[in-house]
Amino acid sequence: MLGSTLLTLASLITSAASGALRRPGHKGGPPLVPPPGPVPELMEGLFQFMVKDFEAKAIMLSDRNYVKFNVSLYPGSPPAHCFALGTTLTHSLTSIPQTWCHPGKDASDESQEAGAETSTQHVWFAWTMGDDVDPTGPDAAGVMGERRKTGAYLKVVRQLEDGKGHDEAIQHIPATMIQVVGKGILEREEFVGPGNWSMTAARFTFLEP
């Protein structure tokens, strides 16, 4: 079933790329000059990013909120530590743009073992609240598009060292896992779901024109 799904996805992407190079309004006409940038292609093979110790919280009595987690890109790989602060006027979670992750766990994490191996991968993440999702925008396109205006999306990307592509995973966080906790002046919004889970990732490479 997985092989069939991958072949279908590859066929859709190949068809879309082919259509983009045809002259508009001229069915079957000669291809236009290829675009100057590389064309993305989804390769066969899906795998899992392992997320651990995930937190997303608005800080009590503060105008800041944060997203924090560790991610291993394959079983046995050393983790990369991902952390970013956002600003909020309503003690709510806010969207956080692309932010690079650091090698290893947070230095303040008590679970960090002295001398433990750290990640050398080039990893970044983004956190998008459902209210900020544009179902018609470029991020909504493709097999991993962000289309729902509820909950939130966590996107994790590893840039390949040869610069010819990336591994990408997107996880939709249901609205039921983002709740207001506390009372009165202590009210703030938090992620209340599990701290550990896996994200299905796909590899995208770039075909030179």
Side-chain angles (χ1 to χ4, degrees), residues 45-88 91-133 139 144-146 151-179 181-182 188-205:
L46 298 175
F47 44 96
Q48 302 294 314
F49 288 170
M50 266 63 76
V51 173
K52 293 185 177 182
D53 308 319
F54 183 86
E55 297 179 12
K57 298 181 178 182
I59 302 173
M60 284 190 298
L61 305 176
S62 172
D63 61 355
R64 306 307 296 270
N65 65 99
Y66 70 87
V67 173
K68 171 185 174 182
F69 61 97
N70 298 305
V71 59
S72 296
L73 305 174
Y74 51 87
S77 71
H81 175 67
C82 305
F83 175 80
L85 283 169
T87 300
T88 174
H91 306 295
S92 302
L93 292 172
T94 60
S95 295
I96 293 176
Q98 176 179 336
T99 302
W100 288 98
C101 301
H102 299 284
K105 294 184 178 180
D106 186 359
S108 64
D109 191 331
E110 295 179 357
S111 64
Q112 171 70 15
E113 299 178 3
E117 185 181 8
T118 59
S119 172
T120 58
Q121 306 288 342
H122 302 290
V123 181
W124 60 265
F125 81 97
W127 170 262
T128 305
M129 299 301 296
D131 289 342
D132 296 327
V133 168
D139 289 337
M144 291 188 176
E146 300 177 10
Y153 282 94
L154 176 67
K155 181 176 185 177
V156 178
V157 175
R158 169 177 60 179
Q159 302 293 149
L160 300 183
E161 293 185 2
D162 61 9
K164 295 183 179 180
H166 65 272
D167 299 334
E168 178 178 319
I170 297 179
Q171 179 73 41
H172 179 254
I173 308 297
T176 54
M177 293 186 181
I178 299 176
Q179 298 182 10
V181 300
R188 71 274 184 197
E189 196 170 42
E190 292 185 1
F191 168 79
V192 296
N196 302 337
W197 72 82
S198 62
M199 302 174 67
T200 300
R203 173 161 295 183
F204 295 83
T205 57

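In this chain, numbering begins with 1 at the start of the sequence shown. The figures that follow rest on heavy atoms only: side chains count, while hydrogens, waters and symmetry mates do not.
Between P75 and M50 there is a side-chain heavy-atom pair separated by less than 4.5 Å. Side-chain contact between V157 and V123 is absent, with no heavy atoms from C-beta onward closer than 4.5 Å. In this structure the side chain of M199 reaches within 4.5 angstrom of the side chain of V156, judged on heavy atoms. For the pair V67/C82, no side-chain contact is recorded, criterion being any heavy-atom separation below 4.5 Å from C-beta on. Using a 4.5 Å heavy-atom cutoff, the side chains of W127 and L93 are in contact. For the pair V51/N196, no side-chain contact is recorded, criterion being any heavy-atom separation below 4.5 Å from C-beta on. Within the 4.5 Å cutoff, no side-chain heavy atoms of F49 are placed close to those of E168. Between N65 and L85 the shortest side-chain heavy-atom distance does not fall below 4.5 Å.
Proximity of a side-chain donor or acceptor of R158 to a complementary backbone N or O of H122 within less than 3.5 Å is not detected. Proximity of a side-chain donor or acceptor of H91 to a complementary backbone N or O of S62 within less than 3.5 Å is detected. Judged by distance alone, the side chain of S95 and the main-chain N or O of M129 form a donor-acceptor pair under 3.5 Å.
With sequence neighbours left out, the salt bridge (charged side-chain N to carboxylate O under 4.0 Å, His left out) criterion links E189 to no other residue. Every residue meeting the ring pair (Phe, Tyr, Trp, His ring centres under 6.0 Å) condition with F69, not counting sequence neighbours, appears here in chain and number order: F54, F125. Under the side-chain contact (heavy atoms from CB on, under 4.5 Å) criterion, Q179 pairs with V192, sequence neighbours left out.
For T88 and D63, the side-chain atoms include no donor-acceptor pair closer than 3.5 Å.
Expressed to the nearest 0.5 Å, how far OG of S198 lies from NZ of K52 amounts to 11.5 Å. From M60, atom CE reaches atom CD of E190 across 8.5 Å, with rounding to the nearest 0.5 Å. From I96, atom CD1 reaches atom CG of D132 across 11.5 Å, with rounding to the nearest 0.5 Å. A distance of 8.5 Å separates NE2 of H166 from CG of L160, quoted to the nearest 0.5 Å. Here Q159 contributes atom CD and D167 contributes atom CG; the two are 9.0 Å apart, rounded to the nearest 0.5 Å.
In this structure, F191 and W197 have tilted ring planes: the angle between them lies in the 30° to 60° band.
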Between F47 and T200, does the side-chain contact (heavy atoms from CB on, under 4.5 Å) criterion hold? Intermediate values first, please.
CA-CA 6 Å; F47 44 96; T200 300; over 6 Å; no

Do V133 and Y153 pass the side-chain contact (heavy atoms from CB on, under 4.5 Å) test, and can you show the C-alpha distance, the side-chain angles, and the key distance before you say yes or no?
CA-CA 9 Å; V133 168; Y153 282 94; 3.9 Å; yes

Determine, stepwise, if the pair I173 / Q171 fulfils side-chain contact (heavy atoms from CB on, under 4.5 Å).
CA-CA 6 Å; I173 308 297; Q171 179 73 41; 4.0 Å; yes

Candidate pair Y66 and E55, rule side chain to side chain donor-acceptor pair (under 3.5 Å), full reasoning
CA-CA 8 Å; Y66 70 87; E55 297 179 12; 2.7 Å; yes

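Residues C101 and A80 come closest through the heavy atom pair CB-CB, 4.3 Å. In this structure, R188 and A58 approach most closely via the heavy-atom pair CG-O, 3.2 Å.
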